[in-house]
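A quick write-up on the structure given underneath.
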Amino acid sequence: RRKTMQQGLKELSDAVEKVFAAASPTCQQCTGTSIIRQGARKVRHLTRKMVVDYGTYIKYEALKSLEVGGVAVHGQLNSFLGAWKLRGVREAGTPLGILFQRFS
């Protein structure tokens, strides 16, 4: 079964929130952590409230553009996915942070 963009964003934001929730208290107090978590929460909120209004909150044209809650993130999402799949998990952290910082 193919996952929709909405489902993928929902799962990614859930995973980011879980990772940072499990981080040490010292890490949770870092400015970067709070900014990324804020972005992940915004994406979680947007992906959960749009059963009927999908086009209002997520605008996606395959291989061309992605806008979530008025924020264009196609390039940032592709950078993250490319790093994750082609270069490995350690290389994916920075693009992931950049992606979710766009929402804060």
Side-chain angles (χ1 to χ4, degrees):
R1 180 176 126 175
R2 301 179 104 192
K3 295 189 181 205
T4 65
M5 180 59 70
Q6 178 182 352
Q7 184 65 31
L9 289 168
K10 185 180 187 182
E11 291 176 9
L12 181 60
S13 62
D14 285 347
V16 168
E17 180 59 31
K18 285 178 186 175
V19 165
F20 284 111
S24 71
T26 304
C27 182
Q28 289 185 14
Q29 293 175 357
C30 296
T31 304
T33 300
S34 63
I35 290 170
I36 293 168
R37 284 184 86 180
Q38 179 183 0
R41 286 182 187 128
K42 182 175 180 182
V43 173
R44 287 179 73 204
H45 176 72
L46 290 169
T47 57
R48 279 163 176 73
K49 72 180 197 176
M50 54 188 168
V51 174
V52 177
D53 295 330
Y54 178 82
T56 302
Y57 300 104
I58 293 181
K59 296 177 182 171
Y60 176 61
E61 188 176 349
L63 304 174
K64 292 185 181 178
S65 65
L66 172 62
E67 189 176 298
V68 181
V71 179
V73 292
H74 185 258
Q76 291 79 14
L77 181 60
N78 280 346
S79 292
F80 165 68
L81 293 173
W84 181 270
K85 289 183 173 232
L86 302 175
R87 296 190 306 273
V89 175
R90 290 179 188 243
E91 296 289 323
T94 298
L96 178 69
I98 291 168
L99 170 64
F100 283 103
Q101 283 177 346
R102 303 255 316 149
F103 294 100
S104 59

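Here the straight-line distance linking atom OG of S79 with atom NE2 of H74 works out to 10.0 Å at 0.5 Å rounding. Atom CZ of F80 is separated from atom CZ of F100 by 8.0 Å, given to the nearest 0.5 angstrom.
Hydrophobic clustering keeps L63 apart from W84 (ILVMFWY residues linked when any side-chain heavy atoms are closer than 4.5 Å, directly or through intermediates). The cluster map of Ile, Leu, Val, Met, Phe, Trp and Tyr, joined by side-chain heavy atoms under 4.5 Å apart, puts L66 and I98 in different clusters. Tracing side-chain contacts under 4.5 Å through hydrophobic residues (I, L, V, M, F, W, Y), one never reaches V89 starting from V19; they form parts of separate clusters.
Counting heavy atoms from C-beta outward, L12 and L99 have side chains that approach closer than 4.5 Å. Taking 4.5 Å as the limit, some side-chain heavy atom of Q76 sits within range of a side-chain heavy atom of R102. The shortest distance between side-chain heavy atoms of M5 and L77 falls below 4.5 Å. Residues I58 and L9 form a side-chain contact, since some pair of their non-hydrogen atoms from C-beta on lies under 4.5 Å apart. For the pair L96 and I36, the minimum side-chain heavy-atom distance is 4.5 Å or more. When side chains are defined from C-beta on, V16 does not count as touching D14, because their heavy atoms never get closer than 4.5 Å.
Nearest heavy atoms, A83 versus A92: CB-CA, 3.8 Å. Shown here for A40 and S13, the closest heavy-atom pair between the two residues is O-CB, 3.5 Å. The shortest heavy-atom contact between V73 and F103 is CG1-CZ, 3.6 Å. Closest of all the heavy-atom pairs between K42 and G69 is NZ-O, 4.4 Å.
Counting only residues at least two apart or in different chains, salt bridge (charged side-chain N to carboxylate O under 4.0 Å, His left out) contacts with residues 73-94 are absent. Listed by first and then second residue, the salt bridge (charged side-chain N to carboxylate O under 4.0 Å, His left out) pairs that reach into residues 18-28 come to none, sequence neighbours excluded. Among residues at least two apart or in separate chains, there is no salt bridge (charged side-chain N to carboxylate O under 4.0 Å, His left out) pair with a member in residues 68-80.
Within the 3.5 Å criterion, the main-chain N or O of C27 finds a donor-acceptor partner in the side chain of T33.
Residues satisfying the salt bridge (charged side-chain N to carboxylate O under 4.0 Å, His left out) test with R37, not counting sequence neighbours, are E17. Not counting sequence neighbours, the partners of T31 by the side chain to side chain contact (heavy atoms under 4.5 Å, CB included) test are I35. In this structure, Q29 has no side chain to side chain contact (heavy atoms under 4.5 Å, CB included) partners at least two apart in sequence or on a different chain.
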Determine, stepwise, if the pair Q6 / K10 fulfils side chain to side chain contact (heavy atoms under 4.5 Å, CB included). CA-CA 6 Å; Q6 178 182 352; K10 185 180 187 182; 5.5 Å; no

